[in-house]
Novice: 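Please read through the structure below; I'll follow up with questions.
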Amino acid sequence: MKRFIRCMLLLTLVLGLAGCSEPTEENGPEISYRMEQRWLDAERQEIFRVPVKEDCKAMLHYTYTTGDADGAVLWLENDGETLLMDELAAATDESYETNWQVGQIMLRAGDNVFSLSAPTGEQVSCQMTLSLDEFDEDSLLTEQMDPAVLNVD
């Protein structure tokens, strides 16, 4: 019996550390966006907007493939201010939905615009899935959101 309890506690700990949890009321709604394969160039291409009433923190999770090419950049901007600029390392199709980047970001009051570009001057093929969670649901301006990306439980 002790062995069973230890195994269950260990399993619970491992799953908790792996981040295998569903969004709950405690960590707020989840917004997710899936971008099909497209070609990027130096011009930033908006992929989606997250309008919020007031500044709030959120967890950003994303996975992507670039057909093993360098040069893609993920941007997050609000009112002309760059909140995130992440140069994406080359990623193969096999890494898509297998390798996830995770980090805390700050969403500012107003429109938070996610976009992608390939500023190296060469076109880069990219496919991406992004999701946001663990933010205050009351801050989100859901009536201004694309209903296709909003999944509030």
Side-chain angles (χ1 to χ4, degrees), residues 14-153:
V14 168
L15 290 176
L17 291 175
C20 298
S21 64
E22 292 294 316
T24 64
E25 276 188 37
E26 186 175 296
N27 63 11
E30 178 182 353
I31 300 170
S32 57
Y33 174 79
R34 184 178 186 96
M35 183 187 84
E36 297 302 320
Q37 198 81 21
R38 69 169 76 161
W39 287 95
L40 306 176
D41 55 28
E43 190 74 27
R44 289 188 200 169
Q45 297 178 24
E46 180 180 323
I47 54 177
F48 82 109
R49 293 175 177 263
V50 180
V52 295
K53 295 176 195 170
E54 56 194 38
D55 294 358
C56 63
K57 292 179 183 175
M59 289 301 292
L60 172 66
H61 312 263
Y62 62 94
T63 183
Y64 63 93
T65 177
T66 61
D68 208 22
D70 287 319
V73 177
L74 173 64
W75 302 85
L76 170 58
E77 294 179 304
N78 182 301
D79 199 22
E81 180 185 356
T82 300
L83 305 177
L84 170 74
M85 184 187 102
D86 188 13
E87 191 169 335
L88 306 178
T92 63
D93 291 347
E94 291 78 31
S95 67
Y96 186 60
E97 293 188 340
T98 302
N99 298 328
W100 288 82
Q101 305 297 318
V102 180
Q104 188 176 61
I105 60 170
M106 187 67 144
L107 299 174
R108 301 278 183 210
D111 279 339
N112 294 275
V113 180
F114 288 87
S115 58
L116 288 166
S117 68
T120 58
E122 296 179 30
Q123 285 196 334
V124 175
S125 175
C126 186
Q127 182 176 355
M128 177 173 273
T129 297
L130 296 115
S131 67
L132 290 170
D133 61 18
E134 298 185 25
F135 60 94
D136 180 13
E137 183 176 356
D138 293 335
S139 295
L140 189 63
L141 295 166
T142 55
E143 65 279 357
Q144 295 179 20
M145 293 229 27
D146 178 354
V149 301
L150 188 59
N151 302 311
V152 180
D153 292 329

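Quantities reported herein were computed from a predicted structural model and do not represent experimental measurements.
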Novice: How many angstroms lie between CZ in F114 and CG in L60, if you round to the nearest 0.5 Å?
Specialist: 5.5 Å
Novice: Does E94 have any side-chain hydrogen bond (donor to acceptor under 3.5 Å, both in side chains) partners at least two apart in sequence or in another chain, and if so, which?
Specialist: T92
Novice: Quick check on D86: does its CG atom have over 12 non-hydrogen neighbours (other residues, nucleotides or ligands) under 6.0 Å away?
Specialist: yes
Novice: If you draw a 6.0 Å radius around CD in E122, do more than 12 non-hydrogen atoms from other residues or ligands fall strictly inside?
Specialist: no
Novice: Backbone N or O of R34 within a donor-acceptor pair of the T129 side chain at under 3.5 Å?
Specialist: no
Novice: Determine whether Y64 and L116 make a side-chain contact, defined as any pair of heavy atoms from C-beta on separated by less than 4.5 Å.
Specialist: no
Novice: May I ask you to test the F135-V50 pair for a side-chain heavy-atom distance under 4.5 Å?
Specialist: no
Novice: So which atom in V52 and which in R108 form the shortest heavy-atom distance, rounded to 0.1 Å?
Specialist: CG2-O, 3.0 Å
Novice: Looking at CG of D136 and CG of D55, how far apart are the two atoms once the value is rounded to the nearest 0.5 Å?
Specialist: 12.0 Å
Novice: Could you tell me the separation between the OG atom of S117 and the CH2 atom of W75, rounded to the nearest 0.5 Å?
Specialist: 5.5 Å
Novice: What distance do M85 atom CE and E77 atom CD have between them, rounded to the nearest 0.5 Å?
Specialist: 10.5 Å
Novice: Which atom names give the shortest non-hydrogen contact between A58 and L132, and what distance separates them?
Specialist: CB-CD2, 4.2 Å
Novice: With rounding to the nearest 0.5 angstrom, report the CG to CE distance, L130 to M35.
Specialist: 8.5 Å
Novice: Sub-3.5 Å donor-acceptor pair from the side chain of S32 to the main-chain atoms of S131, do we have one?
Specialist: no
Novice: Locate the shortest heavy-atom distance separating L40 from A118; write the atom from each residue and the value.
Specialist: O-CB, 3.8 Å
Novice: Side chains of L74 and M128: does their closest heavy-atom pair fall under 4.5 Å?
Specialist: yes
Novice: Check T66 against C126 and note the closest heavy-atom contact, atom names and distance.
Specialist: CG2-SG, 4.4 Å
Novice: If I compare all heavy atoms of N78 with all of D111, which pair ends up nearest, and what's the gap?
Specialist: ND2-O, 3.2 Å
Novice: Between V124 and L88, is any pair of side-chain heavy atoms under 4.5 Å apart?
Specialist: no
Novice: Which heavy atom in M59 sits nearest to a heavy atom in E134, and how many Å separate them?
Specialist: CG-OE1, 3.4 Å
Novice: Mind checking whether Q101 and H61 have side chains closer than 4.5 Å, heavy atoms only?
Specialist: no
Novice: Does atom CD of E43 have more than 12 heavy-atom neighbours from other groups under 6.0 Å away?
Specialist: no
Novice: Who passes salt bridge (charged side-chain N to carboxylate O under 4.0 Å, His left out) against D68, sequence neighbours left out?
Specialist: none
Novice: Taking C-beta and beyond as the side chain, do L83 and M106 meet within less than 4.5 Å on heavy atoms?
Specialist: no
Novice: Can you tell me how far apart CG (L107) and NZ (K53) are? Round to the nearest 0.5 Å.
Specialist: 14.5 Å
Novice: Treating E87 as the side-chain partner and D70 as the backbone partner, does any N or O pair qualify as donor plus acceptor under 3.5 Å?
Specialist: no
Novice: side-chain contact (heavy atoms from CB on, under 4.5 Å) for D138 and E54? Distances and angles first, verdict last.
Specialist: CA-CA 9 Å; D138 293 335; E54 56 194 38; over 6 Å; no
